[in-house]
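Below: the structure, in structure tokens.
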Amino acid sequence: YTPPLVVTMRMSSRACFGAADRGKANVEPASASAHASQTWVHDTARFADACKTPSFRVLTWNLQLLPGVFAGQGGCAVSLESRARRVVANVLALANVTRVDVVAFQEVWHEGSARVIQSGLATVFPNQHKPAAYCGLLTVARPGLKIAHSTFTPFRNTTGVEGWWFTKGVAALALREEDEEKDGLILLNSHLQSDFWNGGAEVRGLQISEIVDALANITDFVTFASQPSRKVIMTKILVGDLNVPSGSVEYENMIPKLVSLTGAVDILHSQTNCDTFPLGQYAPVPCEQCFGGCCLPVGKYKHKTPSARLDYVIDVSNGEEQATHERGATVRGVDGTPRNPNASAGRVVTSLGKDQHTGLPLSDHAPIFALVGLG
């Protein structure tokens, strides 16, 4: 999702880089005792720990940290940075009770909020990637899972004011365990064109093709950069807000495009009750503004009922099988055989997406936590 009134940011966004920009970001520490009683934390940990198959554990979440008080925006700087601190507390609460390998955020547009998140997660997720482009993407990884290579590719195909103002694209990361004998991970974090402009679905189809190209490029790099005598075995995952409703005709056309007509596994495909949008909607207070300075009191998110899944964790490890073999890499599975999709699992963690003090949503999207099997 991306708002229709991004043009208003032409006036307000730079001025809105407020409280955190004026000084060091203050990050509220997560309280272990406060979170110990949160049922969702332990339920999610039990879900993860019940999976005995070796896997990468990935969390993806669109945070709507977009300055502004119009529809689709997330409030003034004070409101954005306050929510960012709550996001940090919730992610740390989960990471304190079960392993989380990678967290991929979208719509981290506000620089002050980005610093709150990056500094707040730095101890538990020290390996971080935030492109310089105004893309809203932020990816963080746990200690021991180092970022060996990273790229950001802006989408060539865009439309509307959204395409003019934002630099949406795909961040591609090759992550390796410090023990290089273990399998590696290629993670693609992306946020596609919204439906607020004519031709949204057509543009997204072209952007999907660009994601496939980005996957091929980083796979080539990993293959040729590896030791010649060692097989390259990488789990490959696409995550993010793809703005494609699950179950739609567009969705049915998307999966084959992602992997050149072979092999994709949408981790939540067979699940029901896994809608992620809209979880909430920001409701500003009268006269709330985004032109710098403090604006207290601030608005808050109101509850909405999710009616669509726009967010995904998709295993693309078997994509481009023939081309991958030609490049000398080994696709997931023994001797290149298809992976077992049952080795993976995921769930929408709605409570993770809510303020643990007030119960109010922290974004218009709910997060997804997934375990993608190594084969």
Side-chain angles (χ1 to χ4, degrees), residues 43-61 94-95 97-104 125 139-142 144-146 148 172-190 211-212 215 218-219 222-223 230-240 242 246 254-256 258-260 262-272 274 309 311-321 324-325 329-349 352 367-375:
D43 284 348
T44 307
R46 282 192 291 269
F47 154 75
D49 296 340
C51 180
K52 304 305 180 183
T53 304
S55 62
F56 282 110
R57 301 181 177 190
V58 179
L59 176 67
T60 181
W61 192 2
L94 180 61
V97 297
T98 193
R99 193 187 84 247
V100 180
D101 294 314
V102 182
V103 184
F125 298 97
T139 310
V140 299
R142 61 167 169 78
L145 192 59
K146 61 183 180 180
L173 288 76
L175 300 109
R176 301 292 306 189
E177 296 278 5
E178 289 184 354
D179 178 359
E180 294 191 356
E181 293 303 313
K182 294 183 178 179
D183 291 349
L185 169 66
I186 288 177
L187 184 93
L188 305 175
N189 183 9
S190 193
I211 289 175
V212 173
L215 172 61
I218 196 166
T219 299
V222 171
T223 300
R230 185 176 180 274
K231 288 185 177 180
V232 179
I233 302 179
M234 303 289 287
T235 300
K236 305 172 187 177
I237 309 172
L238 168 65
V239 302
L242 304 187
S246 175
M254 177 182 72
I255 297 297
L258 278 172
V259 291
S260 301
T262 179
V265 178
D266 173 9
I267 303 303
L268 271 66
H269 176 69
S270 61
Q271 294 192 22
T272 57
C274 60
R309 178 164 67 94
D311 305 87
Y312 293 87
V313 176
I314 300 179
D315 185 347
V316 291
S317 299
N318 284 333
E320 301 178 307
E321 280 193 47
T324 303
H325 281 302
T330 302
V331 296
R332 290 304 317 151
V334 178
D335 298 325
T337 56
R339 294 179 58 260
N340 175 10
N342 296 323
S344 302
R347 60 167 50 183
V348 176
V349 190
L352 169 59
I368 295 175
F369 183 53
L371 290 69
V372 182
L374 304 185

Worksheet item: Looking at residues at least two apart in the chain, or sitting in another chain, which of them share a salt bridge (Lys or Arg N to Asp or Glu O under 4.0 Å) with Arg142?
Response: Asp101, Glu177

Item to complete: Measure across Pro367 and Trp61 and return the closest heavy-atom pair with its distance rounded to 0.1 Å.
Response: CB-CG, 3.6 Å

Item to complete: Using modelled atom types only, decide if a donor and an acceptor are shared between the side chain of Thr235 and the backbone of Leu185 within a distance under 3.5 Å.
Response: no

Worksheet entry | 4.5 Å side-chain heavy-atom contact, Thr98 and Arg57 | yes

Fill in: Non-hydrogen atoms of Ala141 and Leu175 that approach each other most closely
CB-CD2, 3.7 Å

Worksheet item: So how far is it from Ile267 CD1 to Ile368 CD1, rounded to the nearest 0.5 Å?
Response: 10.0 Å

Practice prompt. With Ile314 as reference, evaluate Leu242, Val239, Leu268, Val372 under the side-chain contact (heavy atoms from CB on, under 4.5 Å) test and give the passing residue.
Written response: Leu242

Worksheet item: Hey, are the side chains of Thr44 and Phe369 touching, using non-hydrogen atoms and a 4.5 Å cut-off?
Response: yes

Worksheet item: Rounded to the nearest 0.5 Å, how far does NZ of Lys52 lie from CG of Leu371?
Response: 11.5 Å

Discussion item. Just so I know, are the side chains of Ile255 and His269 near enough to count as touching, which here means a heavy-atom distance under 4.5 Å?
Written reply: no

Worksheet item: Side chains of Asp311 and Thr60: donor-acceptor distance under 3.5 Å anywhere?
Response: no

Response to the item:
For Thr139, the side chain to side chain donor-acceptor pair (under 3.5 Å) test, sequence neighbours excluded, returns Asn189

Practice prompt. State, to 0.1 Å, how close Ser344 and Gly373 come at their nearest heavy-atom pair, and which atoms those are.
Written response: OG-N, 2.8 Å

Discussion item. Quick check for you: to the nearest 0.5 Å, what is the distance between Lys236 atom NZ and Leu187 atom CG?
Written reply: 13.0 Å

Worksheet item: Is the closest basic N to carboxylate O distance between Asp266 and Arg309 below 4.0 Å?
Response: yes

Worksheet, complete the sentence: Tightest non-hydrogen contact, residues Ser190 and Leu238, listed as CB-CD1, 4.4 Å

Practice prompt. Could you tell me whether the side chain of Phe56 reaches within less than 4.5 Å of the side chain of Val102, counting heavy atoms only?
Written response: no

